[in-house]
Amino acid sequence: MEPSFYEQVYEVVRLIPQGRVTSYGAIAKALGAGRSSRLVGYAMNLAHDLQPPVPAHRVVNHKGLLTGKFHFRGSDLMQELLEQEGITVENDQVQNFKTVFWDPAIEI
DNA sequence: GGCGTGACGCAAT
DNA sequence: AATTGCGCCACGC
């Protein structure tokens, strides 16, 4: 069984340490997908019922904006989860984004 | 088997 | 400098 592209995305997302975030494009690039950042976002859409749960709240777009927050059960759930991990979120934007940014390509 | 979709990213204007 | 539009590629129907 070869893991699908999506499964690889989920695996990378699960590798994100607590208190850190990454971007869709960074994950895509780490997987060698290049510019298929959209696939990563689309994968998250299917990650809702995956097990173990995928910490999609730690994945934001390259601007640090919580673009996917609306897809969570509650639009505020994503921000609360991030703040709970020590990440400051204001106006749907991750503060100190560059500081909390975690590059999967470096870990992998 | 072919078309549309999509939680992004980037270039061009 | 900001905004708009287009491209990319795997999955679902």
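Within every chain, numbering begins at 1; the chains are lettered A, B, ... in the order of the sequence lines, protein sequences first and strands thereafter. Given the structure is predicted, the values throughout are model-derived calculations rather than measurements.
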Q | Criterion side-chain contact (heavy atoms from CB on, under 4.5 Å) on A:Leu66 and A:Val94, from CA distance to verdict | A | CA-CA 7 Å; A:Leu66 305 178; A:Val94 176; 4.0 Å; yes
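Rounded to a whole Å, the OH atom of A:Tyr24 is 11 Å from the C1' atom of B:dG6. Summarising the geometry, the separation between NZ on A:Lys29 and C1' on B:dC8 is reported as 14 Å, rounded to the nearest angstrom. One atom, CG of A:Leu65, and another, C1' of B:dG9, lie 13 Å apart when rounded to the nearest Å. Between A:Leu50 atom CG and B:dA7 atom P there is a gap of 17 Å when expressed in whole angstrom units. Regarding A:Leu39, its CG atom lies at a distance of 12 Å from the P atom of B:dG9, rounded to whole Å.
With a 3.5 Å ceiling on both atom-pair distances, C:dC8 lacks any Watson-Crick or G-U wobble partner.
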Show me the protein contacts with nucleotides 11-13 of chain C, counting only N or O atoms at under 3.5 Å.
residue, atom, partner, partner atom, Å
C:dC11, O4', A:Tyr6, OH, 3.4

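Taking the side chain as every heavy atom from C-beta outward, A:Gln79 and A:Asp92 approach each other to under 4.5 Å. Using a 4.5 Å heavy-atom threshold, the side chains of A:Phe101 and A:Thr22 count as touching. Residues A:Met78 and A:Val60 have side chains in contact (heavy-atom distance under 4.5 Å, counting atoms from C-beta outward). The side-chain heavy atoms of A:Tyr24 and A:Met44, taken from C-beta on, include a pair separated by under 4.5 Å. A heavy-atom distance below 4.5 Å is found between the side chains of A:Val13 and A:Ile27.
Residue contacts shown for A:Ala47 are absent, as no nucleic acid heavy atom lies under 4.0 Å away. Counting any heavy atom pair closer than 4.0 Å across all strands shown, A:Phe72 reaches a base atom. Here A:Asn45 lies in heavy-atom contact (under 4.0 Å) with a base. Across all strands shown, A:His57 has no heavy atoms under 4.0 Å from either base or sugar-phosphate atoms.
At least one donor-acceptor pair closer than 3.5 Å links the side chain of A:Gln95 to the backbone N or O of A:Gln93. The backbone N or O of A:Ile16 lies less than 3.5 Å from a partner atom in the side chain of A:Arg58, making a donor-acceptor pair.
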Q.
At under 4.0 Å between heavy atoms, how does the protein contact nucleotides 1-7 of chain C? Give one character per nucleotide, 5' to 3', with B, S or -.
A. ------B
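Within a 6.0 Å sphere centred on CD of A:Glu85, other residues, nucleotides and ligands contribute more than 12 heavy atoms.
Between A:Thr67 and B:dC8, a side-chain N or O to OP1/OP2 separation shorter than 4.0 Å is present.
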